[in-house]
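Just so you know, ligand 1 is whichever comes first in the structure, and atom 1 is the first atom listed for that ligand. Everything numeric here is computed off the predicted structure, so don't read it as measured data.
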Amino acid sequence: MTNSEHHPSAGHDHHHHHYDHYTPEMAARLDGFYGRVDERLNERVARSVVGESVLDIGCGFGSLTEHLRKRGFKATGIDLLAEGIAAGKARYPQADLRVAASEELDFAPATFDTVVLKDTIHHIYDEGDIASFLQSVRRIARKRLVVLDPNPMPTLLLARKLIGHVDPVCGPKDAKRVVEDAGFKVSSVSYSDIFAFPLSGGYVGPVLLPRSPELLGSAMLALDSGVLAALNAIRLGRFAGWRYLLIADVEAS
Ligand SMILES: C[S@@+](CC[C@H](N)C(=O)[O-])C[C@H]1O[C@@H](n2cnc3c(N)ncnc32)[C@H](O)[C@@H]1O
């Protein structure tokens, strides 16, 4: 009689997004080996941040916002998913985490010295108006934009196929183009994370290395960094790294 079962998502979020897997329960992965991989990514971003104030757009559970706070920055994280922000506030009571969409960046011009996008740009690239979004970012960023995102190289794409994970991509070349169109100047692109990341499962893959063997985890992270440094030295990092980090600065006018 009722048709309601034909519309299981009626009344839910009006956006169609590729991060429906990004549920509050996934925050538990931060307690496993992925937590260590994530921490290392956060530290890479922290080393690229300039100034004092930072806005982390699409912050999810806010692990990066919290990391930046602990490093002494004045960090604010925003995300459109209220459940993620709620889970993040429970995990990190001291972090400044707020529910807001990238379309509503109603901050005064040059409010933040640095704006960071960690695993966020591919969503807005695919689902939103990337040009107008980056113009807003340009307006509120005083000095720098840091983008960390999946590097669409063969192994990552194959792994996604194997686990049936569908996600849009915005590779380093596309990111560089759209960021420079908005008036930033890209100063560096670097690559990281070869096998520690896939072993951890990230937020979406099978967990191949649990947290328990602490030493094994440390050895994996050290080996991962070492191998990638060697590959980067011979300019092959871009074919092996699961993540790229792009640094772009506001052009002096
Ligand atoms: C893959 S998750 C990454 C979360 C976090 N930055 C991290 O690295 O763990 C992408 C996040 O971007 C958020 N997001 C996507 N589009 C957004 C938009 N237009 N405005 C604000 N947040 C957005 C999603 O809600 C999701 O939490």
Just which atoms of ligand 1 are under 4.0 Å from any heavy atom in [X]?
X    : answer
G60  : 4 (C), 5 (C), 27 (O)
A100 : 21 (C)
L81  : 25 (O)
H123 : 1 (C), 10 (C), 15 (C)
S102 : 18 (C), 19 (N), 20 (N), 21 (C)

TODO: Would you mind telling me which of L145, V147, L148 makes a side-chain contact (heavy atoms from CB on, under 4.5 Å) with I121?
DONE: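 Output: one option passes, namely V147.
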Open item on the list: By the definition side-chain contact (heavy atoms from CB on, under 4.5 Å), identify the one residue from V166, D167, V204 that meets it with R160.
Closed with: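 With R160 as partner, V166, D167, V204 yield a single side-chain contact (heavy atoms from CB on, under 4.5 Å), made by D167.
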- [ ] Check each of L80, L148, L41 against atom 18 (C) of ligand 1 and report the one with the nearest heavy atom.
- [x]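 Of the listed residues, L80 has the closest heavy atom.
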Task: Nearest option to atom 24 (C) of ligand 1, as decided by whichever heavy atom of D79, I57, D119 sits closest - done: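 Going through D79, I57, D119 one by one, D79 has the nearest heavy atom to atom 24 (C) of ligand 1.
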If the contact criterion is a heavy-atom separation under 4.0 Å, does [X] count as touching ligand 1?
X    : result
C59  : yes
F61  : no
A101 : yes
E103 : yes
S63  : no

Side chains of [X] and [Y] in contact at under 4.5 Å (non-hydrogen atoms):
X    : Y    : result
V115 : R138 : no
L105 : V137 : yes
Y203 : L30  : yes
K118 : S63  : yes
R40  : S192 : no

Task: For N151, side-chain hydrogen bond (donor to acceptor under 3.5 Å, both in side chains) partners two or more places apart - done: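 With sequence neighbours excluded, N151 shows a side-chain hydrogen bond (donor to acceptor under 3.5 Å, both in side chains) to no residue whatsoever.
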Task: Side chain, backbone, both or neither: the part of Y203 lying under 4.0 Å from ligand 1 by heavy atom - done: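 Only the side chain of Y203 comes within reach of ligand 1.
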Task: hydrophobic_cluster_shared for L223 and L209, side chain cutoff 4.5 Å - done: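 Yes, it is one cluster - the side chains of L209 and L223 are joined through contacts under 4.5 Å.
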